[in-house]
Amino acid sequence: MTRHPIVFQVLRPAFLVLLSVLALSGLAGCDSRNAFVPPPPPKVTVAPPKVGPVVEYMEFTGTIAPVESVDITARVTGVLRTAQFRDGALVRKGDPLFLIEPEPFQAALQRAEAELEVQRASPDRAETELARSRKLLSEKAGSEADVVRWQQQRDSSKAGISRANAQIETARIDLGYTRIAAPFDGQMTRRLVDPGNVVGPGAVTGLATIVRRDQVHVYFNINERDLLRLMGDKPKNGKSGTPPELPLELALADEDAFPHAGRLEYADPTVDPSTGTLLLRGIFSNSGGRLVPGLYARIRVAMGRRDAALLVPERALGQDQSGSYVMIVNAQNVAEQRPVKLGALHEGYRVVEKGLEAGDRVVVNGMQRARPGSPVDPVAADAAAPGAGPGGKGDGKGDGKPAAKPAG
C-alpha cells in the first residue's frame, strides 16, 4: 500500500487534539456524581378524637336455661294406657298428659270405704256394752275387768275408724296418680314411654319433661375486677343478701342490637376461688319464644354515663408488647407513637381513657406507613362513621369487656 507521509504529517496534530478533547470529556464525566433525592413523606389521613357523651356497658356471655323444668314420672305401678298430648306441644296448667290404668286403684278405694263402714259399727256396740258393764259394776253384779275390756274395745274401734279414713285417703291419692296433668303452662318434650308399657314405681319411670317457656333464666359469670366495679356503682337492696337492682339486655348470636330486656335476679353468695368469678342469673320475658334454653347469649349491663369521652376508630389502634397505642402527627408533621389506656367499645369506636387530648391529630388511615420519628404528609379528614373502613366494626362479644354507645 502506498503511503502519503506529507498528508499524515499534516493531519497528525489535528488528530492528537481530537484525542485530547475526547479524553478530557471522559474524565469530566467520571468526576460527576448522581445526587440522592429522598422520597416524599408518606400520606396519612388524620382526624382528632371524637368527643361526646357515651353510656358505658359491660358485656358477658351467658347460657339460657328454663325458669321451670319438671320431669314427669309415674308415681304408681300400672300399665300406661294413653299419652294425651302431641310431642312438643304447648300445654296449659291442668291439661291431661298421661293415663295409667285406674281400675285397680278404684277397687282399692272401694275396699277402704267398705272397711270404714265396718269400723264405724264397732264403737256403737262397744259403747253400749261399756255402759251396761258400768251399771252392773255399780250394782255389785259385774266385774271391773269387764268395764276395762269394753272401754279398750271402744277406744280400739275409734282408732280403727281413723285407720280406715287414712286408707281411704291413700287410695284416693294413688287413684289420682293414675291421671297425670300439666303442673304449669309450658312445652312438652317427646314422650319417653309408649302406651302399653308397665311403668313405675319400682324403678322411677320418666314419661316426659315439661319446660316453662314464657320466661327464661340466663346464667353468666363476672370476674373480680368487674364485680368490684359493679358493687361500687350499684348499691344493694335493703334486704340482706339480695343482688343489686340491675336492668339487663340480651342479644342472641344473630342479633346486633340487644332487643330483650330483663333484670338481675340472683347472685351467688361467694366468689369461686378456683376461677375468681361470681355466678349471676338474670330473668327475661320470652313471649316470642326465641329464647330457647341451651342457647348462648350476650348480656349487657349499663355501668354509667360519660359526658365528654374521647373516641377513636378501632382501625387507628395498634398493639405491641407494652400495650395499646395510637400514631399521632405533631406540629412538625412527624409521626409519634402514643401509648393509650382503652375503655369502652361501641360500633368500631373505642373510648380512650388516658394518653390522648381532644386536639391531637390521630392517624386513622395509613398507620402502617407512619413510622415513629419520621415525617409524614398528613391529610385532614372528618371522623368516619362508626364501622366505616377496614376493621371499623367491633362488638366485644362475650369477652366481659366494657362496651359503650352514644348517649341520647
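Because its NZ or CZ atom is both nearer than 6.0 Å to the ring centre of Phe258 and within 45° of the ring axis, Arg300 counts as a cation-pi partner of that residue.
A pairwise comparison of heavy atoms in Ala182 and Val91 identifies CB-CG2, 3.9 Å as the closest pair. When every heavy atom of Ala208 is checked against every heavy atom of Arg191, the shortest pair comes out as CB-CA, 4.3 Å. The heavy-atom pair separating Thr178 from Phe105 by the smallest distance is CG2-CD1, 3.4 Å. Across Arg361 and Asn330, no two heavy atoms sit closer than the pair NH2-O, 2.6 Å. In plain terms, the two heavy atoms of Ala316 and Val363 that are nearest each other are CB-O, 3.5 Å. Taking every heavy atom of both residues into account, Arg281 and Leu264 meet most closely at O-CD1, 3.4 Å.
Counting only N and O atoms by type, the side chains of Asp272 and Thr277 include no donor and acceptor under 3.5 Å apart. A donor and an acceptor atom, one from each side chain of Gln84 and Asp95, are nowhere located under 3.5 Å apart. For the residue pair Asn221/Tyr219, the side-chain donor-acceptor check at 3.5 Å is not satisfied. No side-chain donor from either of Asp71 and Thr73 sits under 3.5 Å from a side-chain acceptor of the other. Using modelled atom types, one finds no donor on one side chain facing an acceptor on the other under 3.5 Å when comparing Ser285 with Gln215.
At a threshold of 4.5 Å between non-hydrogen side-chain atoms, the residues Val44 and Asn365 do not count as touching. Contact of the Thr209 side chain with the Val70 side chain is not registered, since no non-hydrogen atoms from C-beta on lie closer than 4.5 Å. Using a 4.5 Å heavy-atom cutoff, the side chains of Val352 and Leu311 are not in contact. Side-chain contact between Val312 and Val351 is absent, with no heavy atoms from C-beta onward closer than 4.5 Å. Side-chain contact between Leu252 and Glu255 is present, with at least one heavy-atom pair separated by less than 4.5 Å. The closest side-chain heavy-atom distance from Leu291 to Phe284 is below 4.5 Å. Side-chain atoms of Val379 and Val46, non-hydrogen and from C-beta on, never get closer than 4.5 Å to each other. Val292 places a side-chain heavy atom less than 4.5 Å from the side chain of Arg213.
How far CD1 of Ile283 is from NE2 of His217: 4.0 Å, rounded to the nearest 0.5 Å. The distance from atom CZ of Arg350 to atom OG of Ser324, rounded to the nearest 0.5 Å, is 8.0 Å. Annotation: the span from Phe98 atom CZ to Ile180 atom CD1 amounts to 6.5 Å, rounded to 0.5 Å. Between atom OG1 of residue Thr77 and atom CD1 of residue Ile100 there is a gap of 8.5 Å, rounded to the nearest 0.5 Å. In this structure, CG on Leu295 lies 9.5 Å from CG on Leu250, to the nearest 0.5 angstrom. Rounding to the nearest 0.5 Å places CZ of Phe85 at 8.5 Å from CD1 of Ile72.
The side-chain hydrogen bond (donor to acceptor under 3.5 Å, both in side chains) test applied to Gln106 returns no partner, not counting sequence neighbours. Taking Tyr296 as the reference, Thr61, Thr63 meet the side chain to side chain contact (heavy atoms under 4.5 Å, CB included) condition, with sequence neighbours excluded.
We find that Arg75 and Asp174 are not joined by a salt bridge, their nearest charged nitrogen and carboxylate oxygen being 4.0 Å or further apart. Using a 4.0 Å cut-off between charged nitrogen and carboxylate oxygen, Arg298 and Glu249 do not count as a salt-bridge pair. A salt bridge between Asp377 and Arg369 is absent, with no side-chain N of the basic residue lying under 4.0 Å from a carboxylate O of the acidic one. Electrostatic pairing of Arg81 and Glu103 counts as a salt bridge here, judged by a charged N lying under 4.0 Å from a carboxylate O.
Remark: the backbone N or O of Ala114 is not paired with any side-chain donor or acceptor of Glu117 at under 3.5 angstrom. No side-chain donor-acceptor contact under 3.5 Å links Asp214 to the backbone of Ser287. Under a 3.5 Å cut-off, the side chain of Glu336 and the backbone N or O of Ile328 do not form any donor-acceptor pair. Counting only distance, with no hydrogens or angles, the side chain of Glu265 and the backbone of Gly282 share no donor-acceptor pair below 3.5 Å. In this structure, the side chain of Arg315 engages the main chain of Val364 through a donor-acceptor pair within 3.5 Å. In this structure, Asn333 contributes its side chain and Val376 its backbone to no donor-acceptor pair below 3.5 Å. Between the Thr205 side chain and the Val199 main chain, no donor and acceptor come within less than 3.5 Å of each other. No donor-acceptor pair under 3.5 Å is formed between the side chain of Asp226 and the backbone N or O of Asn223. With hydrogens and angles ignored, the 3.5 Å screen pairs no side-chain donor or acceptor of Ser69 with any backbone N or O of Pro66.
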Run the side-chain contact (heavy atoms from CB on, under 4.5 Å) check on Leu317 and Val326 step by step: do they pass?
-> CA-CA 5 Å; Leu317 298 173; Val326 295; 3.5 Å; yes

Take Ile299 and Val218 through the test side-chain contact (heavy atoms from CB on, under 4.5 Å) and record every step on the way to the result.
-> CA-CA 9 Å; Ile299 306 297; Val218 178; 3.6 Å; yes

Just do the salt bridge (charged side-chain N to carboxylate O under 4.0 Å, His left out) check on Asp185 and Arg92 with the steps written out, would you?
-> CA-CA 4 Å; Asp185 296 351; Arg92 307 286 292 179; 3.4 Å; yes

Intermediate values then yes/no, side-chain contact (heavy atoms from CB on, under 4.5 Å), Glu314 and Tyr349 | CA-CA 6 Å; Glu314 277 282 280; Tyr349 277 87; over 6 Å; no

Where do Phe220 and Leu278 land on the side-chain contact (heavy atoms from CB on, under 4.5 Å) test, with the steps shown first?
-> CA-CA 8 Å; Phe220 59 100; Leu278 183 76; over 6 Å; no

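No more than 12 heavy atoms of other residues, nucleotides or ligands sit less than 6.0 Å from atom CD of Glu357.
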